[in-house]
Structures are given as C-alpha cells and as structure tokens.
Amino acid sequence: MRLLITGAPGAGKGTLAGAVADHYSIPAISTGNMFRAAAASGSELGRQVGAIMASGGLVPDDVTDAVVAARLAEPDAAAGWLLDGYPRTLAQVKALDDLLAGRSESLDLVIVLDVPRDVMVARLVHRASIEGRADDTVETIRHRMEVYAASTAPILDAYAARDLVLTVDGDGTPDEVRERLLAALIARLGH
C-alpha cells in the first residue's frame, strides 16, 4: 500500500496515521515529525526548518522532496508506506509522481480527513497546552490554516481527477473516526 493522509492542521492526521499504518503493516511517515527532529538537531538545516515552522510557513519544496525521497528509500518502506503531511503543493505532487514512476510504483489512495474549522482550532490549542509546541499558537494555527487552504487544498483536485481521493468525516472521538476510516478503506480497497 502506498497511501497519503491529508487534511488541514488539527484534522487528526497524526492520530489516525498510526492506525492505518498498523492495519496495512506499513510505516507511517510524517514530514512534520521529520522536520521537528531536524529542528531539534541544531544543524544549519534544522535551524532553518525550525524558524520556518515557528512562523507557520511551509518548508521549501526542494528540501521536503529530498527528505521524503530519502525516507522512502529506507528498507522498511519497500513494501509500502503512509505519508502524513506530504505532498502539500502541486510541485510536490509532481515530485512524488516522478519518484514513484522512477521506481515503477504508483499511489493507491489519498485519504482526506474532513473536520470543521472550529473543531481543528480547538484540537490544536489543546495539543499546544499539553505538548508545548511552538508551532501551535493561536496566531500560527490561523496562519497554517490559511496556508493549507491556499497551497495544499488544490492538490486534492489533482488526485480527484485520478479517482484517488477518499474523504472521511474526521469529526468525533479518535476511536469513532478510526473505525469510520478503517471501514471506508476496507470498502474502497477491499482489505
């Protein structure tokens, strides 16, 4: 399985990615987690990534594409993967398409979590209070949602044209949404 999971910040991608990855015995690969680890490393790239994330911006495509390509080349991703947070732009869609074509692989499905904006903001504010994440201030949350709407949402049209989009209602408890999502995947993919 080669899957993507997407949705606006606070939609629950990270929470649900693990359940989907476990169901298909594939790694869940989060670009956000990879970038937070880079920021914590103290490297020059890490400092650049950290500053971009703290402002609510997106890491440049070329950096993101290289990080993802390197991760997908690791042995645990040979039988498939679930990408969380990538691609976020049409240029990244093309980069992923090119990477997969070069490996004679294709994308199986794009999972979209649909959640009301006020629910996502409340989730992110709650997460910030628990985890103390610098990228979850109210101002940054609003900016990230604007960036998502302007930059990321258009990728769905590209994938919808290929009949790869599966939209799932992401409003509810984590258990409710997980059950809804897994049922939708099984109905769509047959397993």
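The closest side-chain heavy-atom distance from Val67 to Val59 is not below 4.5 Å. Under the 4.5 Å side-chain criterion, counting only non-hydrogen atoms from C-beta, Arg103 is not in contact with Arg2. Using a 4.5 Å heavy-atom cutoff, the side chains of Tyr86 and Ile29 are not in contact. Counting only heavy atoms from C-beta outward, the side chains of Leu82 and Leu4 never approach each other to under 4.5 Å. A 4.5 Å side-chain heavy-atom check between Ile141 and Val125 finds at least one atom pair inside the cut-off. Between Asp169 and Val177, the closest side-chain pair of non-hydrogen atoms is not below 4.5 Å. For the pair Tyr24 and Leu3, the minimum side-chain heavy-atom distance is below 4.5 Å. Inter-residue side-chain proximity for Met145 and Pro9 is flagged as met; some heavy-atom pair is nearer than 4.5 Å.
Taking all atoms of both residues into account, the shortest heavy-atom contact from Ala149 to Pro154 is O-CD, 3.9 Å. Annotation for Gly18 and Ala28: closest pair N-CB, 4.5 Å, computed over non-hydrogen atoms. In plain terms, the two heavy atoms of Met34 and Val68 that are nearest each other are CE-CG2, 4.4 Å. In terms of heavy-atom proximity, Ala77 sits nearest to Pro27 at CA-CG, 4.1 Å. Considering every non-hydrogen atom in both Ser55 and Thr140, the closest pair reads C-CG2, 4.4 Å. Across all their heavy atoms, Ile52 and Pro60 have their closest contact at CD1-CD, 3.7 Å.
Using a 3.5 Å distance cut-off with no hydrogens or angles, the side chains of Asp61 and Thr89 do pair a donor with an acceptor.
Two different hydrophobic clusters hold Ile5 and Ile155 under the rule that ILVMFWY side chains link at heavy-atom gaps under 4.5 Å. Under the 4.5 Å side-chain contact rule for hydrophobic residues, Leu99 and Val110 share a cluster. Note on Val115 and Leu124: same hydrophobic cluster, where clusters join Ile, Leu, Val, Met, Phe, Trp and Tyr whose side-chain heavy atoms are under 4.5 Å apart, directly or indirectly. Linking Ile, Leu, Val, Met, Phe, Trp and Tyr whenever their side-chain heavy atoms come within less than 4.5 Å leaves Trp81 and Met1 in two separate clusters. Hydrophobic clustering of Ile, Leu, Val, Met, Phe, Trp and Tyr side chains at less than 4.5 Å, counting indirect connections, keeps Leu166 apart from Leu83.
Counting non-hydrogen atoms of neighbouring residues, nucleotides and ligands closer than 6.0 angstrom, the CZ atom of Arg142 reaches no more than 12 such neighbours. The local environment of CD in Glu139 is sparse, with at most 12 non-hydrogen atoms from other residues, nucleotides or ligands closer than 6.0 Å.
Using a 4.0 Å cut-off between a side-chain N of Lys or Arg and a carboxylate O of Asp or Glu, Asp22 and Arg178 do not qualify as a salt bridge. Salt bridge Arg162/Asp97: present, at least one basic N to carboxylate O contact under 4.0 Å. Under 4.0 Å is where a charged nitrogen must lie from a carboxylate oxygen, and between Arg71 and Glu74 at least one such pair does.
Between the side chain of Arg47 and the main chain of Ala39, no donor-acceptor pair closer than 3.5 Å is present. Remark: side-chain polar atoms of Arg88 are not paired, donor with acceptor, to backbone N or O of Tyr148 under 3.5 angstrom. A donor-acceptor pair under 3.5 Å is absent between the side-chain atoms of Lys13 and the main chain of Gly85, judged by distance alone. Glu176 places a side-chain N or O within 3.5 Å of a backbone atom of Thr173 that can act as its donor or acceptor partner.
Taking OG of Ser25 as the reference point, atom CG of Asp76 lies at 12.0 Å (rounded to 0.5 Å). Here the CE-CD distance, from Met53 to Gln48, works out to 13.5 Å after rounding to the nearest 0.5 Å. Here Leu156 contributes atom CG and Leu164 contributes atom CG; the two are 11.0 Å apart, rounded to the nearest 0.5 Å.
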> Should Thr6 and Ile111 be marked as a side-chain contact (heavy atoms from CB on, under 4.5 Å) after you check the CA-CA gap, both sets of side-chain angles, and the distance that decides it?
Replying inline: CA-CA 6 Å; Thr6 190; Ile111 303 161; over 6 Å; no
> Step by step, would you call Asp84 with Thr31 a side-chain contact (heavy atoms from CB on, under 4.5 Å)?
Replying inline: CA-CA 6 Å; Asp84 166 6; Thr31 52; over 6 Å; no
> side-chain contact (heavy atoms from CB on, under 4.5 Å) between Ile186 and His23: does it pass, once the steps are laid out?
Replying inline: CA-CA 10 Å; Ile186 291 166; His23 179 78; 3.9 Å; yes
> Are Val112 and Val168 close enough, and set up right, to give a side-chain contact (heavy atoms from CB on, under 4.5 Å), and what steps lead you there?
Replying inline: CA-CA 6 Å; Val112 179; Val168 177; over 6 Å; no
